[in-house]
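Below is one structure, written out as structure tokens, with a few remarks after it.
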Number of protein chains: 2
Amino acid sequence: MVEYELRLDMIFSSLSDPIRRDILQRVSAREFSVGELVERYEVSFAAISKHLKVLEKAKLVHKRKEGKKQMVRLAPDALRSADEYLEQYRQMWQGRYDKLDMLLNERD
Amino acid sequence: MVEYELRLDMIFSSLSDPIRRDILQRVSAREFSVGELVERYEVSFAAISKHLKVLEKAKLVHKRKEGKKQMVRLAPDALRSADEYLEQYRQMWQGRYDKLDMLLNERD
DNA sequence: GTAACATTTAACCATATGGTTGAATATGAA
DNA sequence: TTCATATTCAACCATATGGTTAAATGTTAC
């Protein structure tokens with residue numbers, strides 16, 4: 001359970017940075033090499049390499065060697081834990097709409 | 001759009017701390033005074049006060065004065081933006097199951 | 001007004017984070 | 001082997017974070 005908590009720490013902390021969120025979005029569409037990603041931001045190669053290490057540690061992305069390149073893609077279970085965490089709160093703001101639906105349907 | 005990004009930064013960063021997640025859980029059930037929350041953790045009053053400021057800035061909780069106490073509750077739209085952010089990825093891991101469903105149903 | 005309670009603010013500390021540059025490593029090409 | 005390419009690692013820097021204690025600020029009760 002502590003491990004699950006740690007995992008959530010890492011996932012949410014990963015998501016708190018705009019560059020990392022942007023990387024996730026890109027690699028969710030297709031594989032990118034580290035260099036390809038670097039081109040898209042105005043920070044150094046090393047900075048992106050660090051961001052990728054953070055994402056990897058949180059298991060949000062996976063890296064695969066291909067020759068001298070490293071290909072990055074969204075990890076299979078990426079973001080699922082975060083979503084499951086939010087699940088518990090989802091009904092809190094959806095509940096309101098359900099009640100509204102009920103009220104509207106009462107007219108029938 | 002930059003503002004939305006900043007908001008996400010703050011929300012996810014808020015969620016990356018276990019104490020703050022725990023506070024959210026508590027105040028989602030009912031209102032708590034700051035002091036009541038402090039009792040539940042082994043850190044100082046000031047530390048909890050800081051955590052609450054972080055949560056307030058991210059608009060995840062709301063504080064209301066009641067005499068000399070400050071009552072804390074989950075903010076109305078709390079966590080909704082985070083959930084909407086994850087929405088875009090949800091189909092990526094749900095899609096797989098939909099496809100599996102289709103395959104299974106093809107036997108009919 | 002003074003005391004007691006509830007909370008915040010200030011000053012400080014250690015560690016983490018996000019960035020840099022430059023050297024080191026690994027792979028493929030010549 | 002040597003060169004070029006792709007990436008990481010190391011050292012460093014500034015700022016942020018999460019914690020502390022102690023003083024300051026409301027707010028109610030006497």
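Model, not experiment: these values are computed from the prediction.
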Inset, instruction - Would you kindly compare V34(B) and S13(A) by the position of their nearest DNA chain C nucleotide and give the one closer to the 5′ end? - result: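 Here V34(B) is the residue nearer the 5' end.
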Legend entry - M71(B) or A47(A), whichever maps to the more 5' nucleotide of DNA chain C: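 So the residue in question is M71(B).
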Expressed in angstrom and rounded to an integer, what is the separation of [X] atom [atom1] from [N] atom [atom2]?
| X | N | atom1 | atom2 | answer |
| --- | --- | --- | --- | --- |
| F45(A) | dA23(C) | CZ | C1' | 15 Å |
| E39(B) | dA6(C) | CD | P | 9 Å |
| F12(A) | dG18(D) | CZ | C1' | 19 Å |
| L52(A) | dA6(D) | CG | C1' | 13 Å |
| K63(A) | dT7(D) | NZ | C1' | 8 Å |
| R64(B) | dT7(C) | CZ | C1' | 16 Å |
| K68(B) | dA4(C) | NZ | C1' | 6 Å |
| Q70(A) | dT27(C) | CD | P | 9 Å |

Between [X] and [N], is there a side-chain N or O to OP1/OP2 distance below 4.0 Å?
| X | N | value |
| --- | --- | --- |
| S49(A) | dT7(D) | no |
| S44(B) | dG19(D) | no |
| H51(B) | dG19(D) | yes |
| K53(B) | dG18(D) | no |

Legend entry - 5' priority, DNA chain D, between S33(A) and I19(B) [closest heavy atom]: S33(A)
Legend entry - Side-chain H-bond candidate by donor/acceptor type, D83(B) with Y89(A), under 3.5 Å: no
Inset, instruction - Have a look at K50(A) and say if it touches a base, only the backbone sugar-phosphate, or nothing, with a 4.0 Å heavy-atom cut-off. - result: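 The residue K50(A) makes base contact.
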Legend entry - Flag side-chain contact, heavy atom, 4.5 Å: H51(A) against I23(A): yes
Inset, instruction - For K63(B), look at atom NZ and say whether over 12 heavy atoms of other residues, nucleotides or ligands are found less than 6.0 Å away. - result: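 Enclosed.
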Inset, instruction - May I ask you to check whether over 12 heavy atoms, not counting those of K59(B), lie within 6.0 Å of atom NZ? - result: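 No.
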Legend entry - Donor-acceptor under 3.5 Å (R21(A) side chain, E5(B) main chain): yes
Legend entry - Nearest to side-chain heavy atoms of A46(A), which nucleotide of dG18(C), dA10(D), dT20(D): dA10(D)
